[in-house]
Q: 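Below is the structure I would like to discuss, written out as structure tokens.
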Amino acid sequence: MRASPACQVTLERFGWWRAGVGALASVAFAVAATWLISSHERMSLWALAWLLALTSLSLCSAFLLLRCPPLSLRWDTQRWNVGPSSAVGDEPWPGQLAVVVDLGSWMLLRFRHDSAATGRSTVWIPVQRAGLSTPWHAFRCAVYSSRPDPRGIANVRSDAAE
């Protein structure tokens, strides 16, 4: 199986991701509020404090997940490069991209940096077809394409000769 040709996409639309995160945050808040209302008389002060802390933590996490800066993803037939949308063609972070969730017109990707010098070793990237309709098929092919052996062709041939 040969690698997919090089491709580059710029991700600027995250509507489905934001809707999903917002829905989950709303459900979490509604469950906590329902539990508080239905059992506030029987709830200890510690349980109330834990409930408020967990609810605050989930809402803060949802707020952080809603922030999605525009990204540029480039496949050069050897590895993926990711960077801000302003760095199209010269993305600074090389690494490996894997599909975690694929719903057809929406995917959640996991990008792992080749070096830990960037501060974060793993980045989660939501991708939706809306806004990428022309390069969507080529992008999906690149995401699912075979990866070259990191040891190189010479090592593969010498292994086969043994």
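Everything quoted here is computed from the prediction, not taken from an experiment.
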Q: Show the atom names and distances, to 0.1 Å, of all donor-acceptor pairs under 3.5 Å that link a side chain in residues 48-55 to residues at least two apart or in another chain.
A:
unit_1	atom_1	unit_2	atom_2	d
T55	OG1	L51	O	2.7

Q: Minimum heavy-atom separation for A6 to T77, with atom names?
A: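 In this case the closest contact between A6 and T77 is N-CG2, 3.5 Å.
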Q: For F139, what residues pass the ring pair (Phe, Tyr, Trp, His ring centres under 6.0 Å) criterion, not counting sequence neighbours?
A: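 Here the qualifying residues are W80.
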Q: Side-chain polar contacts of residues 16-32 - donor-acceptor pairs under 3.5 angstrom, sequence neighbours left out - could you list them?
A:
unit_1	atom_1	unit_2	atom_2	d
W17	NE1	L65	O	2.8
R18	NE	L66	O	3.0
S26	OG	G22	O	2.8

Q: Is there a side-chain contact between C141 and C7 (heavy atoms, below 4.5 Å)?
A: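 A side-chain contact is absent here, since even the closest heavy-atom pair is not under 4.5 Å.
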Q: To the nearest 0.5 Å, how far apart are OG in S121 and CZ in F111?
A: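 Between atom OG of S121 and atom CZ of F111 there are 10.5 Å.
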Q: Considering non-hydrogen atoms only, spot the tightest contact between W75 and A142 and give its length.
A: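 Where W75 meets A142 most closely, the heavy atoms are CD1-CB, 3.8 Å.
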Q: Which residues pass the salt bridge (charged side-chain N to carboxylate O under 4.0 Å, His left out) test with R140, sequence neighbours left out?
A: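 With neighbours one apart ignored, the set is D102.
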Q: What pairs with P70 under side-chain contact (heavy atoms from CB on, under 4.5 Å), at least two apart in sequence or on another chain?
A: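 With sequence neighbours excluded, P70 shows a side-chain contact (heavy atoms from CB on, under 4.5 Å) to E12, S85, given in chain and number order.
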Q: If you measure from CD on Q96 to NE2 on H113, what distance do you get to the nearest 0.5 Å?
A: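 Output value for this atom pair is 12.0 Å.
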Q: Looking at P126 and W106, what are the two nearest heavy atoms and their distance?
A: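 Shortest heavy-atom contact: CB-CZ2, 4.0 Å.
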Q: For S72, give me all partners under side chain to side chain donor-acceptor pair (under 3.5 Å), at least two apart in sequence or on another chain.
A: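 Checked S72 against side chain to side chain donor-acceptor pair (under 3.5 Å); matches are Q8, E91.
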Q: My understanding is that only one of L97, V123, V82 makes a side-chain contact (heavy atoms from CB on, under 4.5 Å) with L109; could you say which?
A: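 Testing each of L97, V123, V82 against L109, the sole residue satisfying side-chain contact (heavy atoms from CB on, under 4.5 Å) is L97.
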Q: For a side-chain contact (heavy atoms from CB on, under 4.5 Å) check, start with the C-alpha distance between D114 and W93, then their side-chain angles and the critical distance, and finish with the verdict.
A: CA-CA 8 Å; D114 284 346; W93 309 308; over 6 Å; no
Q: What verdict does the side-chain contact (heavy atoms from CB on, under 4.5 Å) test give for L71 and I125, after you've listed the backbone C-alpha separation in whole Å, the side-chain angles of each residue and the deciding distance to 0.1 Å?
A: CA-CA 9 Å; L71 290 175; I125 304 171; 4.1 Å; yes
Q: Do you reckon W46 sits in the same ILVMFWY cluster as L57, going by side-chain contacts under 4.5 Å, direct or chained?
A: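 No, it is not one cluster - the side chains of W46 and L57 are not joined through contacts under 4.5 Å.
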Q: Compare every heavy atom of F14 with every heavy atom of L11, then report the nearest pair and how far apart it is.
A: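 Heavy atoms only, the tightest pair is O-CZ, 3.8 Å.
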